[in-house]
Amino acid sequence: MLKELHKMGRRGPQVPVSGLEDRPISEILPKEFLREEPLSMPELSEVEVVRHFVNLSNLNYGVDNGFYPLGSCTMKYNPKINEEVAAWFQDIHPALPENRVQPLLELLYTLQQDLLEITGMDAITLQPAAGAHGELTSLLMAKAYFKDHGLLEKDTVIIPDSAHGTNPASATMAGFKVVTVKSDEEGLVDLEQLKALVNDHTAVFMLTNPNTLGKFEKNILGIAQLIHGVGGLMYCDGANLNGMLGWARPGDMGFDFVHLNLHKTFSTPHGGGGPGSGPVAVKKALEPFLPKPVLVKAEDEDGDGSYHWDYDRPRSIGKVRSNFGNILVALKALAYIKSLGGAGLREVGTMAVLNANYMRVAMEDTLPTAYPGLCKHEYVATAEEVKKRYGVKAQDIAKRLLDKGFHAPTMYFPLIVKEALMIEPTETETKENLDAFVQAIKEIVEEAATNPDVVLSAPHDTPVRRLDEVKANKELKVRW
Amino acid sequence: MLKELHKMGRRGPQVPVSGLEDRPISEILPKEFLREEPLSMPELSEVEVVRHFVNLSNLNYGVDNGFYPLGSCTMKYNPKINEEVAAWFQDIHPALPENRVQPLLELLYTLQQDLLEITGMDAITLQPAAGAHGELTSLLMAKAYFKDHGLLEKDTVIIPDSAHGTNPASATMAGFKVVTVKSDEEGLVDLEQLKALVNDHTAVFMLTNPNTLGKFEKNILGIAQLIHGVGGLMYCDGANLNGMLGWARPGDMGFDFVHLNLHKTFSTPHGGGGPGSGPVAVKKALEPFLPKPVLVKAEDEDGDGSYHWDYDRPRSIGKVRSNFGNILVALKALAYIKSLGGAGLREVGTMAVLNANYMRVAMEDTLPTAYPGLCKHEYVATAEEVKKRYGVKAQDIAKRLLDKGFHAPTMYFPLIVKEALMIEPTETETKENLDAFVQAIKEIVEEAATNPDVVLSAPHDTPVRRLDEVKANKELKVRW
Amino acid sequence: MRYVPHTKEEIKAMLEAVGLRNVDELFSDIPTEALLKRHLQVEGGWDEEQLRAYFRKAASSIPDANSAVYFLGGGVYDHYVPSAVDKIIALPEFYTAYTPYQAEISQGTLQAMFEYQSLICELTGMEVANGSLYDGASAVAEAVLMAMRINGKRRVLVSECVHPDIIEVLRTYQLGQDFEILTLPQKEGVTDLSELEDLSNVSCLVMQNPNYYGFLENMNQASELIHKAGGLFVAAVDPLSLGVLKSPHEYGADVVVGEGQSLGNHMSYGGPHFGFFATKMDYIRYMPGRMAGQTVDVDGRVGYVLTLQTREQHIRREKATSNITSNHWLMALASAVYLSLMGGSLPELGQTILNRSTYLAQKLASVGYPLWQRQYFFKEFPIKARDAEAVQEALADSGYYVGPVIDEHTLLVAVTEKRTKEHMDKLIELMEGLR
Amino acid sequence: MRYVPHTKEEIKAMLEAVGLRNVDELFSDIPTEALLKRHLQVEGGWDEEQLRAYFRKAASSIPDANSAVYFLGGGVYDHYVPSAVDKIIALPEFYTAYTPYQAEISQGTLQAMFEYQSLICELTGMEVANGSLYDGASAVAEAVLMAMRINGKRRVLVSECVHPDIIEVLRTYQLGQDFEILTLPQKEGVTDLSELEDLSNVSCLVMQNPNYYGFLENMNQASELIHKAGGLFVAAVDPLSLGVLKSPHEYGADVVVGEGQSLGNHMSYGGPHFGFFATKMDYIRYMPGRMAGQTVDVDGRVGYVLTLQTREQHIRREKATSNITSNHWLMALASAVYLSLMGGSLPELGQTILNRSTYLAQKLASVGYPLWQRQYFFKEFPIKARDAEAVQEALADSGYYVGPVIDEHTLLVAVTEKRTKEHMDKLIELMEGLR
């Protein structure tokens, strides 16, 4: 622990010298502004700090350590070249006059154009900091849109029961009522129930497509017609875009807006919990409501472009954060897109789906898919049968996978599947890795039958073993 | 293993495109020049390669993981800023015309001047790639020097029995006979024996000072007089310069030449086995024999300097390697020197010696120092008594230290100490780390008494346990 | 193809295993009308050298802090980032991990998060902190939403001296909520606390210190005032200032938020940075965002987990305290490393920044660019100029950057610990020449 | 003070524990005459920002491969280094470790070394390889010394077409040894193998392919010749060429050495790079340098150790096969990563280099810079120019670099896979303009 390494008077790197004479602080500021309470920071040498964090890093597991089939998180490989080139832009101040940053704005504009082509949309903002932030931004835009159209009765957002928790949470933050629509036996939106729920209050239908079961909502065109029929908007949670990348576009299937997770589909690293980036792309009708500023291109008579942050957006919802967005994340995504191009992006979609289906089929005998049949980028297996037979739960299987060198799938999600294990391999995994994971699952289910204790008490070979979450919640020790 | 990850047809990064039309190779080169044997390289994807090496790295232990008291290796902290600034010079070609690289040459010249001040010498080459290479370079210079002076009888190098193995090996490579002088009961050169050995054949006395027992050769001035008296040269193995840095200089105590290990005293990282850098600094008399080219400064009438690689060195021994030296390593050392300055360098020497003496005294009851009394940067403890009593050898103690999270000291060196453990803490370690190490040693010796098996069978908690070196030597499996 | 490891033979074998004849069949569940009948028109398929050339061309023509001299402020600053910070957050086990859902193989992230929370608490004097939010502005919005969750009141006081981005973000978040924003006017560069009349049903007061102009507010008085009215005091602060400036705990803040960029994060043209969020233990269950807590494993060994997840969206869905999930952890980690390296030096750092900025302000005044208002400041200050934009442009041509421009006659000047006397004297000389 | 963690109190306590009154007493064993009575006159004590400014100033004014276009050759080349290579060798556990003396906590280095050795063997077709030497030139010298250890003969044949640095280093190493160097003359750009007369007592023949000029040698004939004379054939090769060029095994080389820079190492103004060294199993005990070998631990698990250490200086002292200890492992590791990433692409890489360099050579000939000799080449070639240095200087002013200059009328031009048609066409245009 950092604090235990502290020794009063020890120092890390020096404060940069000024070349000025020191002046006592009392000559500069009156006492009323000055800190009186002692500041208790750990005082450490550089080598101790480096060792502390290097050794902590070795307790972690990242994509660079192995297979990370965390469903709905699209943990694909994070190419090193993206990190390299993005870092060249790290020392630029956002208040630099526009005429001094044109080459950077051109890159961002190119990214915008590429994302519009990828989604089939008309306009875009890079401002949102993460997927959930993109959802909130979108729903606030919807709010503004309906207000602008005088449709004040539009107060309800419909969300499938298989949706990410962020969807209802964002809807609430945006001031909408939330209504849930059930999934049918195929794992798709229950059309009959949806029809019953849709009415003049319906503001937005938030749909993740492909959904969290990995299913493509094959009735999407009908659903869109239904929602649009009552004047509602179709929102696409783009977290699962990887499952149709280059094959189908939200804009071509009736969606009015979509957020993207650059840290999923576009390979920017997740950093153990961010930064992500959640651009929102919209159809023309929603464009006026985009957060400001909007990055626009002006062409002069010679066809040369110049780029501007447009603040003159009277119907904009306003800023959703300071500055312009997670620029370095955006640049990594751009590098990724440029490394692939149109054909490469489609291949990503293809292979993500092939990998998922290959695993799904290979695991079917062991842990069956909750909703059988073709999936897109992911699928949800259920350990319900294993639990019934041997008392081994999805969580136990997940923990045992850690012993076998894999990250676990997403557990207990979506909520509609009992003992759910949600598995998303991504396209960057080799067939050998998929086979090894399936083999591990088989071994674990075998263990569950023959030696359940070894599974129930897993993990065994991790830096710590199973942790007491109840105690953590009860005692709430959240700082030293 | 890499080979096992191979899959024919898999590819990593693309070969950069040319913009040219492809031409079949048969149109370009006759068949007689072309490979016919198939090339069997592992074919891998980038993510697999990255994971392979990231996971391998986690089986290693570096200075960034913890205390590394490997005697005579000066495993001090490698500052990150040095890596950062040196990398800015990585894409420069050595054949760039001199007039285009003046700022780099100025940096290298500054390093030369600083090293001359630090060693008290008159001229220097940065060319040697490592310490042993510096030794060889020096002895070849000695050879040239004696030849130049017509002293063909000078064919013998005298080396203390406590010296690094590189000393006699280098002497042999340089075509000298090697004579060993014993250490006396204080761990210093046995003056009486030395006097007996010195004669007209004596070419060079190679002395490590402070020596590998961590002792300063207090008779150094007399020794120098003795050697110089027969026309011999005094060579300083500078591997242990850290033990007198800023306090005493080889050039002030009678040495005629010295090599430095930039990867020891000057904090450049060792990289798991190099690259190091072994500059050689010499007194005026040896300057003409320096390897060429020599970096020199020419001043014009305005006092402005320009820098040149001087190849016009008729008495030079010639090049000892291609190009100019390990330039990036040299730049890291320069960054280190500039971060410290004269006062800081002296503090390094002070604290390296204080740390060593503090540990030495604290361990004295447990593992006594082979040659008691004040040491410099390191000291050699002996496990002879522990071995006699409990059957636990120095190697066993070393291996048990790995379980306790430390790198082991250098074992069984120098050869004159039985069951030797050579301990060099360096100045960058905290008192707490020293105390923890001493505590670990105490625990191990306690274990040796009460539960020797746990020590004899150590290590237990490492990625692999004790490895069969005999089998490795016998079966010689040195490739897949 | 880049990053996809499959050979043709493998693809064939895998398709067979799935029972499909070709890859098109993988997408047979997509209605034909929704299928893209062409390739995406996205230029690319570039190798690494092409990528490097493309990005280098852009990067090399922008005056970044390595080629230009920045006196730019307004919420993002050219602070010193120790080399070790960048090296540590680039460790693959840190930056390629996901949120630590599997605690047993995420102790690196989780312990560091616990330490980060502790450091933020020590710095602000508060009792608890979360594991980061997106940025300072959204952190203020979340603080306001939390205040309303806590006391149920629906009026929010905001000083006009807080950063305009903060006000704007708050107004955007307001679109989804039923509450009223009342602004406190600026007077002579600081918040006018005298004009408060109706303080009924006020949930909280938001003040920033140093404020947008760099000026120091009377936080004691503001705190007293809002507490008398029964509301919460939300303080947005520059964490780097807390080595010398009064801690939020000292003036009784209930929620402390702010932009964390100054703690070891690069400017990055505005992002990613991170927002920090600290409050009192009493309010921990109302907090947004991730939090790490200490516990033990089955063998009794100390370990860390994400805790109080029941506040969060993936459990509580529409009843969550916030929709946030991915936050800006890696940037917060950078700040934890930064504070580990520099924490003991924060008083010295604050002092030298005060010393430098005071020097520059006095000198600029002496060459005709007086302070816009006579107030005490930290790190940045607004100066008067005949034509603020013209000054900015002219300096830019010499590689010196000041700003942002506040209005036609006013611009901000920020002085971090990276600005030496030499930089400042050159700026003074240039500006004197522009008069 | 930087990097020294001790507080004043600790220093005091530690001195007390040692029984000393002050730090001066720590150096009481140094004779007064040898003590430095003053501080070192070394400028420094700089903070990181000062260091950055100092080094950035120098770096930014040098035309490196990112700001200029290099057609420079002569043993060091502007090859493509995949981004992943740099990231991997910067992992702290790799670059801050020492030589793997404690095998149990050094399996990362040791396994990678085993894999490196294997890759070098596969590439060259040889049976064993060591874990690297300093560079290509010293590797040739070590190969010659080994040949003499093996067969006891004391005459060494060296082609004059090998890199002058190699010949020079060999002559330097010769100073310490008793052997004779005979040179084979160059004829029309390649080695004249016809003039060999007295082949008695010849230990080995050293040839380079492609040779110093980039030209391809008749390695088959050379091999036959030396083997007939009972000597060993030492081949120095560019490892990157081996995707297309005949492998040393195919022409019967006994020792294969070379400069490894082209395999994923930066130019670094000439170093650090590394030398590779491969030979036949029969000669393994004569080899210089470190080597990793596979074995098992006490539990039967596969692991790796340094093996055949009895050849080395720390055991054998003056009887060692070489004095080498620290080699250039980290650079060899970079090449292992490089070959892991690019190994399968080496044929394609070789082909594109051939294609590009042939294109440029033909075009340059067409604008008045013919090949110095009509020979087949790989990657680089010598051209004739009226004033080679003047051409080099004039091009440099446009940011284009060719060379090194071989003599007044000849200079080398190298074309790596980083040089595009656009680069080459621009060079052609510039050079045409110089005539």
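Below, chain A is the first sequence line, B the second, and so on; all start at residue 1. Please read these numbers as outputs of a predicted model, since none were measured by experiment.
Interface check for chain D: of the options V464(B), D252(B), T462(B), the most heavy-atom pairs under 4.5 Å are formed by V464(B). The residue among E10(D), M291(D), Q41(D) with the most heavy atom pairs within less than 4.5 Å of chain B is Q41(D). Of the listed residues (N78(B), I220(B), V329(B), L140(B)), the one with the most heavy-atom contacts under 4.5 Å to chain D is L140(B). In terms of heavy-atom pairs under 4.5 angstrom with chain B, the leader among K421(D), H328(D), Q117(D) is H328(D). Looking only at heavy-atom pairs under 4.5 Å with chain D, the residue among L331(B), V178(B), V320(B), I337(B) that has the most is V320(B). Highest contact tally toward chain D, considering only Y77(B), Y61(B), F89(B), is held by F89(B) [criterion: heavy-atom pairs under 4.5 Å]. The most heavy-atom pairs under 4.5 Å with chain B, out of V23(D), N66(D), V128(D), V76(D), come from V76(D). Ranked by heavy-atom pairs under 4.5 Å with chain B, the first of A58(D), S268(D), G44(D) is S268(D). Looking only at heavy-atom pairs under 4.5 Å with chain D, the residue among C73(B), G271(B), P103(B), G62(B) that has the most is G271(B). No other option in S118(D), A112(D), P100(D), P82(D) has as many heavy-atom pairs under 4.5 Å with chain B as S118(D). Note: G108(D) leads G108(D), P92(D), A65(D) in heavy-atom pairs under 4.5 Å with chain B. Listed options V50(B), L70(B), V49(B), V361(B) were ranked by heavy-atom pairs under 4.5 angstrom with chain D; first place goes to V49(B).
Side-chain contact between W480(B) and P42(B) is present, with at least one heavy-atom pair separated by less than 4.5 Å. The closest side-chain heavy-atom distance from N323(B) to D135(D) is not below 4.5 Å. Using a 4.5 Å heavy-atom threshold, the side chains of H133(B) and Y134(D) count as touching. R52(D) places a side-chain heavy atom less than 4.5 Å from the side chain of I81(B).
E429(B) touches chain D through its backbone: at least one of N, CA, C or O sits under 4.5 Å from a heavy atom, while the side chain does not. Using a 4.5 Å cut-off between heavy atoms, I28(B) contacts chain D through both its backbone and its side chain. At a 4.5 Å heavy-atom cutoff, the contact between M173(B) and chain D is made by backbone and side-chain atoms alike. Residue contact with chain B, scored on non-hydrogen atoms closer than 4.5 Å, involves the side chain of L91(D) exclusively. Heavy-atom distances place the side chain of D299(D), and not its backbone, under 4.5 Å from chain B. With a threshold of 4.5 angstrom between heavy atoms, A103(D) approaches chain B through its backbone and through its side chain. Contact of S28(D) with chain B is made through backbone and side chain together, with heavy-atom distances under 4.5 Å. In this structure, no portion of S132(D) lies under 4.5 Å from any heavy atom of chain B. R171(D) does not touch chain B: none of its heavy atoms, backbone or side chain, sits under 4.5 Å away. For chain B, the nearby part of V305(D) is the side chain; its heavy atoms alone come within less than 4.5 Å. The parts of L242(D) that come within reach of chain B are both its backbone and its side chain, each placing non-hydrogen atoms under 4.5 angstrom from that chain. Proximity to chain D (any heavy atom under 4.5 Å) is shown, for E475(B), by neither the backbone nor the side chain. With a 4.5 angstrom heavy-atom cutoff, T352(D) touches chain B only via side-chain atoms. For P63(D), the parts sitting under 4.5 Å from any heavy atom of chain B are the backbone and the side chain alike.
With hydrogens and angles left out, the side-chain atoms of N355(B) and H6(D) include a donor and acceptor closer than 3.5 Å. In this structure, a donor-acceptor pair under 3.5 Å is present between the side chains of Q102(D) and K399(B). Side-chain contact of H52(B) with E115(D): a donor-acceptor pair under 3.5 Å is present, judged by distance alone.
In this view, F94(D) satisfies the ring pair (Phe, Tyr, Trp, His ring centres under 6.0 Å) rule with no residue, not counting sequence neighbours. In terms of the ring pair (Phe, Tyr, Trp, His ring centres under 6.0 Å) criterion, residue partners of F324(B) (sequence neighbours excluded) are, by chain and number, W309(B), Y269(D).
A distance below 6.0 Å separates the ring centres of W46(D) and Y54(D). H93(B) and Y401(D) have their aromatic ring centers separated by at least 6.0 angstrom. For Y98(D) and Y68(B), the ring centers are positioned 6.0 Å apart or more.
Seen from the ring of Y304(D), K477(B) does not count as a face-on cation partner, given the 6.0 Å and 45° thresholds.
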For this session: Before giving the answer on side chain to side chain donor-acceptor pair (under 3.5 Å), spell out for T295(D) and D468(B) the whole-Å C-alpha distance, their side-chain angles and the decisive distance to 0.1 Å.
Result: CA-CA 6 Å; T295(D) 185; D468(B) 188 343; 4.7 Å; no
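Put simply, the side chain of R465(B) gets close to the backbone of S457(B): a donor and an acceptor are under 3.5 Å apart.
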